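Model, not experiment: these values are computed from the prediction. Hydrogens, waters and symmetry mates play no part in the numbers below; they use all other heavy atoms, side chains included.
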Amino acid sequence: MVLTALRSHGGIELDEVKVHAMGGHDPAIKVNTHHNVDPTATYPSICILDGDQAERADPAQGIFTLPGSGYPEAHVLERVLDSLDEEAARLAEALHVGLHAQERVKKVVSERALTNWDRHTIWEQIGGDLDFTSGYIVKSAFLTTWARKFPEEVKALVEAIGDKLPRRDSNQP
């Protein structure tokens with residue numbers, strides 16, 4: 001979600017950004033804190049938590065949260081689901097199933113939204129229902145659709161991080 005937001009926002013030098021999954025909010029905060037007090041560190045660290053950790057956000061310490069109030073997968077799924085009628089064609093193309101399958105995509109996504117019990121597995125389940133499409137492709141399709149459809153959420157995330165991001169020289173393409 002972070003890389004999709006940075007990429008779609010533009011103006012960020014992505015070659016200078018590394019994103020690491022940390023296995024939970026506590027390890028992420030600890031690693032961020034220790035990295036930023038390490039005198040040998042050559043680059044700053046920031047920490048981006050899931051939306052349900054908003055009370056732990058501390059921009060001064062480089063701790064931010066993703067949009068939504070829970071798992072990022074749930075937020076992206078719900079936002080795209082809310083606009084599924086108008087986004088079905090683009091989503092079908094991004095899923096590599098073709099425009100002719102947009103009604104099927106709507107049906108699969110709507111059903112999985114109701115039957116899935118663990119949002120961490122939603123992309124794989126949707127992919128399985130769509131002729132074993134890779135969970136990575138499903139995740140990418142949903143994230144791209146989310147970023148394009150809800151640029152205000154992308155902008156809010158990137159602007160919150162602000163000067164902690166490496167900016168691309170405005171003279172570069």
By side chain to side chain donor-acceptor pair (under 3.5 Å), which residues pair with [X], not counting sequence neighbours?
X: Asp15; result: none
X: Asp118; result: His120
X: His25; result: Arg56

Enumerate donor-acceptor pairs with a distance under 3.5 Å from any side-chain N or O in residues 58-75 to protein atoms, sequence neighbours excluded.
{"from": "Asp58", "atom 1": "OD1", "to": "Ala60", "atom 2": "N", "distance (Å)": "3.4"}
{"from": "His75", "atom 1": "NE2", "to": "Glu153", "atom 2": "OE1", "distance (Å)": "2.7"}
{"from": "His75", "atom 1": "NE2", "to": "Glu153", "atom 2": "OE2", "distance (Å)": "3.4"}

Going by salt bridge (charged side-chain N to carboxylate O under 4.0 Å, His left out), name the residues that satisfy it together with [X], two or more places apart in sequence or in a different chain.
X: Glu111; result: Lys107
X: Glu78; result: Arg119
X: Glu152; result: Arg79
X: Lys139; result: none

Using a 3.5 Å cut-off and no angle test, enumerate the donor-acceptor pairs between side-chain atoms of residues 46-54 and protein atoms at least two apart in sequence or in another chain.
none

Will you find, in the side chains of Asn36 and Ser45, an N or O donor that is under 3.5 Å from an N or O acceptor? no

With sequence neighbours left out, write down each residue that passes ring-ring contact (aromatic ring centres under 6.0 Å, His included) with His34, or none if nothing qualifies. none

Are Arg90 and Lys149 packed together at the side-chain level, in the sense that at least one heavy-atom pair is separated by less than 4.5 angstrom?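 Answer no - side chains too far apart.
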
Going by heavy atoms in the side chains, are Val109 and Leu77 under 4.5 Å from each other?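 Val109 reaches Leu77 side chain to side chain.
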
Val31: which other cluster members, linking ILVMFWY side chains closer than 4.5 Å, directly or transitively? Met22

Show me the side-chain donor-acceptor pairs of residues 126-136 shorter than 3.5 Å, one per line, residues at least two apart or across chains.
{"from": "Asp129", "atom 1": "OD1", "to": "Arg112", "atom 2": "NH2", "distance (Å)": "3.3"}
{"from": "Asp129", "atom 1": "OD2", "to": "Arg112", "atom 2": "NE", "distance (Å)": "2.6"}
{"from": "Asp129", "atom 1": "OD2", "to": "Arg112", "atom 2": "NH2", "distance (Å)": "3.4"}
{"from": "Asp131", "atom 1": "OD1", "to": "Arg104", "atom 2": "NH2", "distance (Å)": "3.2"}
{"from": "Asp131", "atom 1": "OD2", "to": "Arg104", "atom 2": "NH1", "distance (Å)": "3.1"}
{"from": "Thr133", "atom 1": "OG1", "to": "Leu130", "atom 2": "O", "distance (Å)": "2.7"}
{"from": "Ser134", "atom 1": "OG", "to": "Tyr136", "atom 2": "N", "distance (Å)": "3.0"}
{"from": "Ser134", "atom 1": "OG", "to": "Ile137", "atom 2": "N", "distance (Å)": "3.4"}

